[in-house]
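Right, one structure below, let's go through it.
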Amino acid sequence: MEAAAEPGNLAGVRHIILVLSGKGGVGKSTISTELALALRHAGKKVGILDVDLCGPSIPRMLGAQGRAVHQCDRGWAPVFLDREQSISLMSVGFLLEKPDEAVVWRGPKKNALIKQFVSDVAWGELDYLVVDTPPGTSDEHMATIEALRPYQPLGALVVTTPQAVSVGDVRRELTFCRKTGLRVMGIVENMSGFTCPHCAECTSVFSRGGGEELAQLAGVPFLGSVPLDPALMRTLEEGHHFIQEFPGSPAFAALTSIAQKILDATPACLP
Amino acid sequence: MEEVPHDCPGADSAQAGRGASCQGCPNQRLCASGAGATPDPAIGEIKEKMKTVKHKILVLSGKGGVGKSTFSAHLAHGLAEDENTQIALLDIDICGPSIPKIMGLEGEQYVEDNLGVMSVGFLLSSPDDAVIWRGPKKNGMIKQFLRDVDWGEVDYLIVDTPPGTSDEHLSVVQYLAAAHIDGAVIITTPQEVSLQDVRKEINFCRKVKLPIIGVVENMSGFICPKCKKESQIFPPTTGGAELMCQDLEVPLLGRVPLDPLIGKNCDKGQSFFIDAPDSPATLAYRSIIQRIQEFCNLHQSKEENLISS
């Protein structure tokens with residue numbers, strides 16, 4: 001029988017948001033990172049948990065690749081990304097000895113690590129914990145939701161790109177959310193258009209309209225579209241100045257609006 | 001839903017059935033009896049089934065969303081343009097089966113007379129159905145696809161895979177172990193975030209002794225339809241696939257630029273080659289497909305020489 005949330009490392013985390021997509025490569029990790037930064041910009045203390053065991057991309061995005069992870073008496077200490085300690089990160093990427101080493105694990109072993117990750121990271125006091133997931137609807141996702149269930153996650157942000165091929169997978173992800181009792185806070189459409197730096201023509205590189213149509217079809221809120229910004233992508237790749245450069249990007253306005261909707265949808269905390 | 005203990009030592013490990021976590025597992029007695037250590041009979045059965053399949057190609061990438069399914073579909077289309085060649089396309093992405101959509105199929109399994117497709121997507125009654133399966137059940141499905149589908153006489157079997165290095169990848173390599181896979185084509189985009197995962201995939205291939213046909217760099221540059229100038233939407237900040245291939249000594253099969261018509265055609269379930277025969281992307285695809293054919297034929301001649309010598 002599921003007990004109420006035991007005091008533990010997640011006791012100080014006020015709200016948990018999962019970032020999901022049935023589809024790979026739509027930008028879950030990028031959106032997770034951008035959302036965390038947008039929430040921090042709004043004055044919140046945020047943590048990011050990267051449970052993509054096969055492809056942990058967030059450490060590099062935030063220039064934290066290779067940072068050592070320490071154990072404290074309560075468990076793993078998350079990596080702080082700023083002096084004010086308003087943004088912290090834990091990823092399996094930190095635990096890999098060699099970054100090119102593939103984590104070739106079958107389901108049960110992944111489940112065990114995720115359970116550990118979720119319960120053994122000493123997050124401290126956080127307003128929001130953003131949980132980045134790998135694509136799909138399988139072991140990792142079930143393990144993550146089961147491990148987080150006692151802490152009553154706020155809900156899931158589901159990411160798609162405009163194309164039908166992405167929407168096709170994301171529809172299944174919405175079913176997964178329904179079946180596992182995870183509230184869908186809304187859909188974010190990423191890679192929505194590219195503005196040519198030479199002539200300013202905006203092209204729908206990955207088709208158009210899918211995100212909004214899906215939101216209507218599924219009866220969930222459409223939180224917004226985020227455009228392709230190669231300059232921002234370059235910064236993410238290089239992993240040095242993303243936190244500083246992000247506010248100057250066209251994607252920032254979109255993410256700020258999405259973050260605001262999440263803040264509005266967050267129930268006021270009981271004292 | 002089958003429940004596997006969280007710290008299952010593995011059915012084929014020395015600890016199978018004997019570990020502390022095995023207590024209470026429905027398979028405990030089976031594992032303890034050593035049944036897991038014997039090779040799966042399906043491997044032999046699959047080897048027999050695969051005797052009528054000349055070439056087997058896996059399309060892999062550690063990274064999601066780089067264009068594996070798009071590439072697999074167009075590799076199939078390209079090879080099937082020769083009416084005398086029989087092509088089979090198998091989609092083992094159980095959670096996110098994109099191939100039916102990209103091939104324009106809602107349940108029929110033949111795109112052309114000589115191009116057949118199999119995917120879990122065909123087994124789902126609604127586009128909203130989610131396949132929420134754990135590893136062992138996914139593996140079972142893959143085994144069924146390989147063993148129980150009547151493939152017939154096939155020149156090329158193309159296997160499209162999900163992103164990652166997990167159950168599906170281990171299973172397909174394991175089940176096809178005795179049947180000889182020609183090799184893997186690995187798809188990436190130019191960015192480091194993709195290459196990071198692709199290096200892992202290359203290491204995976206080496207670990208399981210899967211030959212690598214080569215790497216394809218997808219979404220490599222974008223030509224603005226208005227001003228025709230090129231931009232890098234996904235910049236190769238660390239040298240792109242070219243440098244990675246040099247470092248890891250694997251062939252770079254080619255680079256495919258971003259053409260918005262590719263996405264549009266995939267959405268409609270049509271071959272992009274028909275809609276845009278002169279696109280630089282079509283030309284790139286054709287050159288890559290040719291190199292893959294050359295690799296497979298070279299392999300075949302080597303095998304034949306070995307047998308006849």
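Just so we're on the same page: letters track the sequence lines, and every chain starts at 1.
Contact of B/L258 with chain A is made through the side chain alone, with heavy-atom distances under 4.5 Å. Only the side chain of B/N139 comes within contact range of chain A, with at least one heavy atom under 4.5 Å from a heavy atom of that chain. B/K207 touches chain A through its side chain: at least one heavy atom from C-beta onward sits under 4.5 Å away, while N, CA, C and O do not. Of the atoms belonging to B/D197, it is side-chain heavy atoms, and not backbone ones, that fall under 4.5 Å from chain A. Using a 4.5 Å cut-off between heavy atoms, B/P235 contacts chain A through both its backbone and its side chain. Contacts between A/K110 and chain B at a heavy-atom distance below 4.5 Å involve the side chain alone, from C-beta outward. Looking at A/V26, there are no atoms closer than 4.5 Å to chain B (heavy atoms on both sides), in backbone or side chain. Contacts of A/R234 with chain B are made by both backbone and side-chain atoms, with heavy-atom separations under 4.5 Å. Residue A/F194 touches chain B through its side chain alone, counting heavy-atom pairs closer than 4.5 Å. For A/L174, no part lies under 4.5 angstrom from a heavy atom of chain B. For A/S204, the part lying near chain B is the backbone, with the side chain staying farther off; criterion is any non-hydrogen pair under 4.5 Å. Residue B/T70 does not touch chain A at all, counting heavy-atom pairs closer than 4.5 Å. Contact annotation for A/P56: both backbone and side-chain heavy atoms come within less than 4.5 Å of a heavy atom of chain B. Contact annotation for B/P162: neither backbone nor side-chain heavy atoms come within less than 4.5 Å of a heavy atom of chain A. Looking at B/L124, the atoms closer than 4.5 Å to chain A (heavy atoms on both sides) all sit in the side chain, from C-beta outward. Residue contact with chain A, scored on non-hydrogen atoms closer than 4.5 Å, involves the side chain of B/N203 exclusively.
Inter-residue side-chain proximity for B/Q196 and A/Q65 is flagged as met; some heavy-atom pair is nearer than 4.5 Å. Inter-residue side-chain proximity for A/T203 and B/P225 is flagged as met; some heavy-atom pair is nearer than 4.5 Å. Side-chain contact between B/I132 and A/M142 is present, with at least one heavy-atom pair separated by less than 4.5 Å. A/S138 places a side-chain heavy atom less than 4.5 Å from the side chain of B/K138.
A donor and an acceptor atom, one from each side chain of A/S207 and B/D267, are located under 3.5 Å apart.
Counting only distance, with no hydrogens or angles, the side chain of A/S57 and the backbone of B/V193 share no donor-acceptor pair below 3.5 Å. A/R171 places no side-chain N or O within 3.5 Å of a backbone atom of B/D128 that could act as its donor or acceptor partner. Judged purely by atom type and a 3.5 angstrom limit, A/D139 has no side-chain atom pairing as donor or acceptor with the backbone of B/R134. Using a distance-only test at 3.5 Å, with no hydrogens or angles considered, no donor-acceptor pair links the side chain of A/H198 to the main chain of B/C224.
Taken to the nearest 0.5 Å, the CG atom of A/L228 stands 11.0 Å off from the OG atom of B/S231. The structure places CZ of A/R60 at 4.0 Å from CD of B/E192, a figure rounded to the nearest 0.5 Å. The CD atom of A/E238 sits 5.5 Å away from atom OG1 of B/T237, with the distance rounded to the nearest 0.5 Å. Rounding to the nearest 0.5 Å places CD of A/Q163 at 11.0 Å from NZ of B/K101. Annotation: the span from A/E237 atom CD to B/S194 atom OG amounts to 7.5 Å, rounded to 0.5 Å. With rounding to the nearest 0.5 Å, the separation of CZ in A/F206 from CE in B/M219 is 4.5 Å.
Taking all atoms of both residues into account, the shortest heavy-atom contact from B/P97 to A/R172 is CD-NE, 3.8 Å.
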Any chance you could lay out the side-chain contact (heavy atoms from CB on, under 4.5 Å) test for A/D169 and B/S98, step after step, and finish with the verdict? CA-CA 7 Å; A/D169 284 350; B/S98 316; 3.8 Å; yes
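Each of B/S171, B/G269, B/C266, B/S69 has some count of heavy-atom pairs under 4.5 Å with chain A, and the biggest count is that of B/S171. In terms of non-hydrogen atom pairs under 4.5 Å with chain A, the most contact-rich of B/D167, B/T189, B/I102, B/D129 is B/D167.
The local environment of CD in A/Q244 is crowded, with over 12 non-hydrogen atoms from other residues, nucleotides or ligands closer than 6.0 Å.
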